[in-house]
Visitor: 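Below you will find the structure I want to go over with you.
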Amino acid sequence: MASAMLNGAENLTLLRGITPNGLGFRGSDFHGKHFPKLGLVCSTRISKSGTRAIVPKCSLSASRPASQPRFIQNKKEAFWFYRFLSIVYDHVINPGHWTEDMRDDALEPADLNNRNMIVVDVGGGTGFTTLGIVKHVDAKNVTILDQSPHQLAKAKQKEPLKECKIIEGDAEDLPFRTDYADRYVSAGSIEYWPDPQRGIKEAYRVLKIGGKACLIGPVYPTFWLSRFFADVWMLFPKEEEYIDWFQKAGFKDVQLKRIGPKWYRGVRRHGLIMGCSVTGVKPASGDSPLQLGPKVEEEEKPVNPFVFFLRFLLGSLAGMYYVLVPIYMWLKDLIVPKGQPI
């Protein structure tokens, strides 16, 4: 099983054999204090380097299939969802769930350590994540791919991204040759993939041998109301699902790092639109050893306009819950004295 990394003192890759109590602690602070109890059963494993690691073995909450149909977990619905959201995405969504500090923290395990690396940013949207990538890699070597032309139009307006290649495309059917990129990055995109395993298999294929994939996304919440809205809205994978998808695709040295806004103080039960950063290394050239059947989603299948509108409306209303959650947590952070759990 894969090792798991957490922020600050919550790092689950154990050095010198020090073992934390479970996967987290009750209390505060992402940056060196405490995390809420998650209820995961864990085991330890010794890596080739001699590092001991804790491995999640069971679910955060009641099991539900990743393929469960949600209202915005569909490419056509996501297209129209971002047709409107792109107008305010950088100003409404990012401040609550995807801050610059979180972005830089989430990209750190990707090892963007060479300006000449070839990097693909899949589901790059408005280019917010790409702005973090081009701090370390020359923009001319970075490709932003997204299915939303409205999101990409925002990326094209950003001066640091002017030299990036910007293309429309599908995360589950990437227009790159096998063994193409040194790094694969995808942030806030997996929520809309009808078949996450296929998308991660594609990440494996396009990477060079020794290349690293870094996938950033939400984590299934433990609070009952947040679980309800997560299941209505779009895909919120569990931590062990991410790890399992990476391993099945053929990745090695799979690690998971938790991320979150500072004002959440480590509380994760309500859910985050950006909750973890998962990385894996491609050990051999060529396509993934995993064999999959036909695509889950038939994009040309006729859609009843009334059903489409109803699903889109209900999904958008459910998504509003996750706009309100960070406001709620921000207010709690202001009210509850520091050092006390929220």
Side-chain angles (χ1 to χ4, degrees), residues 1-5 12-13 23 40-48 53-70 73 75 106 109-110 120 122-123 170-174 176 178-220 234-258 275-297:
M1 290 290 290
S3 64
M5 293 175 60
L12 292 190
T13 301
L23 280 187
L40 283 174
V41 176
C42 310
S43 63
T44 58
R45 114 177 135 75
I46 309 297
S47 69
K48 291 181 180 179
I54 281 186
V55 179
K57 296 278 285 185
C58 69
S59 301
L60 283 169
S61 55
S63 178
R64 91 280 179 263
S67 59
Q68 174 181 320
R70 294 161 177 84
Q73 193 192 350
K75 295 187 182 77
V120 295
V122 175
D170 184 348
E172 296 179 5
D173 188 15
L174 295 173
F176 307 113
T178 301
D179 300 324
Y180 168 73
D182 298 293
R183 296 291 183 270
Y184 169 104
V185 175
S186 181
S189 179
I190 192 173
E191 303 96 290
Y192 308 100
W193 299 355
D195 188 350
Q197 183 67 83
R198 187 178 300 276
I200 294 172
K201 180 179 185 295
E202 273 290 87
Y204 184 100
R205 181 186 67 79
V206 303
L207 282 170
K208 299 175 182 177
I209 181 172
K212 181 174 280 192
C214 177
L215 196 150
I216 303 157
V219 175
Y220 198 54
M234 59 187 183
L235 179 64
F236 277 59
K238 298 176 183 176
E239 291 178 334
E240 62 269 31
E241 286 179 311
Y242 282 106
I243 294 171
D244 187 51
W245 289 328
F246 266 69
Q247 290 180 331
K248 284 181 177 177
F251 284 104
K252 302 299 181 183
D253 192 24
V254 181
Q255 299 182 348
L256 185 150
K257 177 179 181 179
R258 292 179 176 174
C276 70
S277 172
V278 188
T279 54
V281 177
K282 180 174 178 176
S285 63
D287 201 353
S288 166
L290 180 64
Q291 299 298 313
L292 296 177
K295 276 190 174 184
V296 171
E297 186 178 68

Visitor: Thinking salt bridges, do Arg198 and Asp173 make one under a 4.0 Å N-O criterion?
Guide: no

Visitor: Locate the shortest heavy-atom distance separating Ala106 from Pro109; write the atom from each residue and the value.
Guide: O-CD, 3.1 Å

Visitor: Indicate yes or no: does Arg205 engage Asp287 in a salt bridge with an N to O separation below 4.0 Å.
Guide: no

Visitor: Apply the test side-chain contact (heavy atoms from CB on, under 4.5 Å) to residues Arg258 and Glu239: give CA-CA distance (whole Å), side-chain angles for both, the deciding distance (0.1 Å), then the verdict.
Guide: CA-CA 9 Å; Arg258 292 179 176 174; Glu239 291 178 334; 2.7 Å; yes

Visitor: Do the non-hydrogen side-chain atoms of Val278 and Val254 ever get within less than 4.5 Å of each other?
Guide: yes

Visitor: For the pair Tyr180 and Phe176, name the ring-plane relationship: parallel under 30°, tilted 30 to 60°, perpendicular over 60°.
Guide: parallel

Visitor: Tell me whether the count of non-hydrogen atoms from other residues, nucleotides or ligands lying under 6.0 Å of NZ in Lys208 goes above 12.
Guide: yes

Visitor: Ignoring hydrogens and geometry, is there a side-chain-to-backbone donor-acceptor pair from Arg183 to Ala110 under 3.5 Å?
Guide: yes

Visitor: With a 4.0 Å cut-off, would you call Lys201 and Glu172 a salt bridge?
Guide: no

Visitor: Sub-3.5 Å donor-acceptor pair from the side chain of Glu241 to the main-chain atoms of Lys238, do we have one?
Guide: yes

Visitor: Rounded to the nearest 0.5 Å, what separation is found between the CG atom of Leu215 and the OH atom of Tyr184?
Guide: 5.5 Å

Visitor: Grab the two heavy atoms, one from Trp193 and one from Ser189, that are nearest each other, plus how far apart they are.
Guide: NE1-OG, 2.8 Å

Visitor: About how many Å separate CD1 of Ile190 and CZ of Phe236, when rounded to the nearest 0.5 Å?
Guide: 12.0 Å

Visitor: Is the backbone of Val122 close enough, under 3.5 Å, to the side chain of Ser186 for a donor and an acceptor to pair up by distance?
Guide: yes

Visitor: Tell me if a side-chain donor or acceptor on Gln197 pairs with a main-chain N or O of Asp195 at a distance below 3.5 Å.
Guide: no

Visitor: Looking only at heavy atoms, what is the nearest atom pair of Leu207 and Ala213, with distance?
Guide: CD1-N, 3.6 Å

Visitor: Nearest 0.5 angstrom please: Ser277 OG to Tyr242 OH, how far?
Guide: 10.0 Å

Visitor: Could you tell me which non-hydrogen atom of Pro218 sits nearest to which non-hydrogen atom of Leu235, and how far apart they are?
Guide: CG-O, 3.7 Å

Visitor: For Tyr204 and Ala284, which heavy atoms make the closest approach, and how far apart are they?
Guide: OH-O, 3.6 Å

Visitor: Once you round to the nearest 0.5 Å, how far does SG of Cys276 lie from CD1 of Ile243?
Guide: 8.5 Å

Visitor: Report yes if some heavy atom in the side chain of Pro237 is under 4.5 Å from a heavy atom in the side chain of Trp245; otherwise report no.
Guide: yes

Visitor: Which heavy atom of Thr279 sits nearest to which heavy atom of Phe246, and what is that distance?
Guide: C-CE2, 3.9 Å

Visitor: Please check: side-chain N/O of Lys282 versus main-chain N/O of Gly286, any donor-acceptor pairing under 3.5 Å?
Guide: yes

